[in-house]
Amino acid sequence: MTTDFKTIDIEKFANGIKTSALQDTEVKSFQSLASVADYSTLTEARVFVTVVSVCFDGLNVKSPNEQVTLIRSIFEIFNGCHCCRDVQSVGNHVLAVFDTPLKTDIDSVLDSVGLVNALFGLVNRIHQKTGDGKIKKGVGMIYGNVLMSVLSQEPVINVSWSGSVVQKVLEYSNNAKSEESLVYISYSIFNNLKESYQKLFVKDLYDERYHGQPVNIAMNKWNQSNV
């Protein structure tokens with residue numbers, strides 16, 4: 001299932017993933033951004049945000065360089081979204097928090113999810129060509145009330161995110177990984193997507209969530225033509 005997501009610098013991500021997967025170059029380690037602007041006077045607050053979790057199985061990751069590049073690419077994709085406020089590594093998940101007061105903001109977050117989905121498509125096409133196993137991934141996306149705790153102010157504002165919404169989105173991504181690498185979204189997300197994006201998802205039979213496989217069309221076509 002696809003839709004017309006915005007384009008990105010496809011070669012930038014493709015080259016980084018390809019070189020690390022083939023171990024042709026050293027990829028420097030990076031730090032979690034974990035910073036949120038304009039919260040310098042806060043210590044704790046409850047906020048309504050969209051939270052996205054990406055979980056992937058490291059079993060078939062070819063090298064530490066490939067894992068670093070893959071995670072860094074996810075960080076960059078999410079940070080490229082205008083409403084992204086924070087991206088963190090939480091255990092074996094990448095957790096991103098978005099300020100989405102408008103319906104169009106939620107559409108933009110799904111655009112980013114589509115890019116992440118296409119990114120894994122690129123990685124797995126490379127693995128297929130080199131005879132390596134597929135990397136399974138899962139994505140969860142929920143809108144709700146989250147507890148934001150400011151851990152430190154200097155040199156950047158470091159924040160932790162907690163509450164039932166965060167736990168649920170981690171669960172969504174874990175379940176999605178085990179179910180054919182799907183994307184799971186909550187009813188609140190589905191209900192606020194534009195109609196063309198809603199068509200990409202199907203309601204689960206036994207849960208108030210929806211599943212689908214949205215991808216960035218431009219990146220997906222590039223993957224198929226060049227890898």
Side-chain angles (χ1 to χ4, degrees), residues 1-14 16-17 33 36-37 47-56 69-88 93-125 137-144 146 161 165 169 172-173 176-177 181-203 209-227:
M1 293 182 289
T2 58
T3 191
D4 290 319
F5 291 111
K6 61 186 179 183
T7 60
I8 62 167
D9 186 345
I10 291 171
E11 290 195 27
K12 174 183 176 182
F13 289 111
I17 291 293
L33 298 180
V36 181
V47 291
F48 282 91
V49 291
T50 294
V51 187
V52 176
S53 172
V54 180
C55 175
F56 66 92
T69 304
L70 183 55
I71 295 175
R72 185 172 62 187
S73 297
I74 297 170
F75 268 62
E76 291 188 16
I77 287 171
F78 284 145
N79 276 289
C81 180
H82 73 279
C83 52
C84 183
R85 295 294 176 265
D86 195 15
V87 189
Q88 301 182 1
H93 300 79
V94 175
L95 191 74
V97 177
F98 300 83
D99 185 18
T100 53
L102 304 175
K103 287 188 174 184
T104 52
D105 294 327
I106 294 178
D107 292 334
S108 296
V109 178
L110 189 63
D111 288 342
S112 296
V113 170
L115 290 170
V116 169
N117 232 8
L119 174 67
F120 277 91
L122 168 63
V123 173
N124 284 321
R125 285 185 69 83
K137 69 93 184 63
V139 180
M141 182 175 172
I142 300 178
Y143 177 83
V146 173
W161 310 90
V165 168
V169 80
Y172 269 23
S173 60
K177 183 185 70 174
S181 298
L182 293 172
V183 174
Y184 282 164
I185 63 174
S186 64
Y187 171 77
S188 58
I189 293 293
F190 177 84
N191 194 45
N192 284 284
L193 291 172
K194 61 185 179 181
E195 185 178 355
S196 61
Y197 284 12
Q198 288 181 337
K199 292 178 180 179
L200 304 176
F201 292 90
V202 177
K203 188 181 182 304
R209 67 187 181 194
Y210 294 74
H211 64 268
Q213 282 285 26
V215 297
N216 178 278
I217 286 180
M219 189 169 181
N220 205 44
K221 288 181 177 178
W222 191 96
N223 293 347
Q224 295 172 2
S225 300
N226 294 276
V227 179

Note to self: The test is side-chain contact (heavy atoms from CB on, under 4.5 Å); show your working for M141 and I106 and say whether it passes.
What the structure shows: CA-CA 10 Å; M141 182 175 172; I106 294 178; 4.0 Å; yes
With [X], which residues qualify under side-chain contact (heavy atoms from CB on, under 4.5 Å), at least two apart?
X    : value
V165 : V51, I142, V146
N191 : Y187
S53  : H93, L95, V169, L170, S173

Next item on the list: Please report the C-alpha distance between V183 and H211 in whole Å, then the side-chain angles of each, then the deciding distance to 0.1 Å, and finally whether the side-chain contact (heavy atoms from CB on, under 4.5 Å) criterion is met.
Entry: CA-CA 6 Å; V183 174; H211 64 268; over 6 Å; no
Notebook entry, point to check: In chain order, what residues pass the side chain to side chain donor-acceptor pair (under 3.5 Å) check against T100, with sequence neighbours excluded?
Noted result: T50
Check: By side chain to side chain donor-acceptor pair (under 3.5 Å), which residues pair with T104, not counting sequence neighbours?
Finding: none
Next item on the list: Work out which heavy atom in W161 is nearest to a heavy atom in V47; give both atom names and the distance.
Entry: CZ3-CG2, 4.0 Å
Close side-chain approach of [X] and [Y], heavy atoms under 4.5 Å:
X    : Y    : result
S108 : H82  : yes
N117 : Q213 : yes
L193 : I185 : yes
Y172 : V52  : no
V123 : R125 : no

Margin query: For Y210 and F190, take the angle between the two ring planes, folded into 0 to 90°, and tell me which bin it lands in: parallel under 30, tilted 30 to 60, perpendicular over 60.
Written below: parallel
Rounded at 0.5 Å granularity, tell me how far [atom1] in [X] sits from [atom2] in [Y].
X    : Y    : atom1 : atom2 : value
N79  : S112 : CG    : OG    : 9.5 Å
Q198 : K194 : CD    : NZ    : 11.5 Å
K177 : C55  : NZ    : SG    : 4.0 Å

Checklist line | Result of checking I74, N124, V215 against L119 for side-chain contact (heavy atoms from CB on, under 4.5 Å) | finding: I74
Checklist line | Contacts of K203 that satisfy salt bridge (charged side-chain N to carboxylate O under 4.0 Å, His left out) - sequence neighbours left out | finding: E208
Item checked: Audit row: V94, Q88, side-chain contact (heavy atoms from CB on, under 4.5 Å) steps and yes/no -> CA-CA 6 Å; V94 175; Q88 301 182 1; over 6 Å; no
Note to self: According to ring-ring contact (aromatic ring centres under 6.0 Å, His included), who are the partners of F56, at least two apart in sequence or on a separate chain?
What the structure shows: F120
Item checked: Set of residues satisfying ring-ring contact (aromatic ring centres under 6.0 Å, His included) with respect to F98, sequence neighbours excluded -> F78
Notebook entry, point to check: So, Y197 and D111: side-chain donor and acceptor under 3.5 Å apart, yes or no?
Noted result: yes
Notebook entry, point to check: What's the verdict on side-chain contact (heavy atoms from CB on, under 4.5 Å) for K103 and D105, showing C-alpha distance, side-chain angles and the deciding distance?
Noted result: CA-CA 5 Å; K103 287 188 174 184; D105 294 327; over 6 Å; no
